[in-house]
Structures are given as C-alpha cells and as structure tokens.
Amino acid sequence: MSKTVTSDLTNISQRIRYLRGLMGLDRPAMEARHQIKVTSLEKWENGSLNITPKNINRLISAALDHSIECTAEWLINGE
C-alpha cells in the first residue's frame, strides 16, 4: 500500500484497509478470492459498519492465505 505508516492506523477501519493493501487485493479481488463482499469491505473501511468477531477471523484467515500474520488484537486495538 502506498505510503501508509503505522501512525496512520489509528482505528480499525484504517487497519482493515491497510491489511487488504498488504494482501495486494482491491475489493473485487478480495471478494472473488476470499468471499468477503465488496459492500462489507467498503463499509468496514469507511467506518459505517462495525465488523463482527466472525468477520475479523475471516480477515485473519485471508491474511494468512497471503502469508501475512495478523492478530485480532491488532485489528481491533492496533496492538
């Protein structure tokens, strides 16, 4: 992802967008590869919809599929 640094990742929406960028996927590719709907991603990334624990786990699994280690604690709290 272009020039995003960890100091810019102050909320879960930004971290979700950053994680998707690390995977190298746009929203349609994320939906095609990991069955996570474009509309859900858009709402999570703009902060208009809270993400459920089940969907946090789906994002973590998607990241692992791309050899990216991610924890629920990081996604939720940035820690």
Side-chain angles (χ1 to χ4, degrees):
M1 203 161 191
S2 66
K3 96 182 230 200
T4 301
V5 293
T6 53
S7 62
D8 294 334
L9 304 176
T10 57
N11 64 52
I12 190 169
S13 300
Q14 294 165 331
R15 289 187 291 275
I16 292 168
R17 185 178 308 115
Y18 178 74
L19 182 60
R20 182 175 54 79
L22 287 176
M23 289 186 255
L25 300 174
D26 61 12
R27 291 176 185 144
M30 187 79 161
E31 181 174 38
R33 183 159 179 181
H34 299 290
Q35 294 73 49
I36 299 174
K37 293 186 180 281
V38 168
T39 54
S40 295
L41 281 168
E42 184 176 8
K43 289 176 182 179
W44 297 336
E45 291 177 3
N46 70 25
S48 65
L49 179 67
N50 290 329
I51 187 168
T52 64
K54 177 183 174 183
N55 286 318
I56 287 172
N57 288 330
R58 291 178 69 203
L59 285 177
I60 291 169
S61 293
L64 285 173
D65 187 52
H66 294 267
S67 300
I68 298 168
E69 189 174 326
C70 176
T71 65
E73 291 78 19
W74 180 78
L75 268 176
I76 296 166
N77 302 314
E79 298 174 1

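Reckoned from all heavy atoms, side chains included, excluding hydrogens, waters and symmetry mates.
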Handout entry: N/O donor-acceptor pair under 3.5 Å between Asn11 side chain and Gln14 backbone
Key = yes
Exercise for the section: Side-chain contact test, heavy atoms from C-beta onward, threshold under 4.5 Å: evaluate it for His34 versus Leu25 and give yes or no. Expected result: yes
Problem - Pairwise side-chain contact, Leu59 with Ile16, heavy-atom cut-off 4.5 Å (strictly under) - result: yes
Handout entry: Met30 side chain reached by Gln35 side chain, heavy atoms, under 4.5 Å
Key = no
Practice task
Check whether Ile76 and Leu22 end up in the same hydrophobic cluster, where Ile, Leu, Val, Met, Phe, Trp and Tyr are linked by side-chain heavy atoms less than 4.5 Å apart.
Solution key: yes
Practice task
Check the hydrophobic clustering (I, L, V, M, F, W, Y; side-chain heavy atoms under 4.5 Å; chains of links allowed) and say if Tyr18 and Val38 are grouped together.
Solution key: no
Completion exercise
When rounded to the nearest 0.5 Å, the distance separating CG of Leu41 from OG of Ser13 is 11.5 Å
Exercise for the section: Would you indicate whether the side-chain heavy atoms of Asp65 and Met23 approach each other to under 4.5 Å? Expected result: no
Problem - Minimum side-chain heavy-atom gap Trp44-Ile36 below 4.5 Å - result: yes
Practice task
Output yes when a side-chain donor or acceptor of Asn46 lies under 3.5 Å from a complementary backbone atom of Glu42, and no otherwise.
Solution key: yes
Exercise for the section: With the side chain counted from C-beta on, respond yes when Cys70 and Leu75 share a heavy-atom pair under 4.5 Å apart, and no when they do not. Expected result: yes
Problem - Electrostatic pair Glu45-Arg20, nearest N-O below 4.0 angstrom - result: yes
Handout entry: Arg15 side chain to Trp74 backbone, donor-acceptor under 3.5 Å
Key = yes
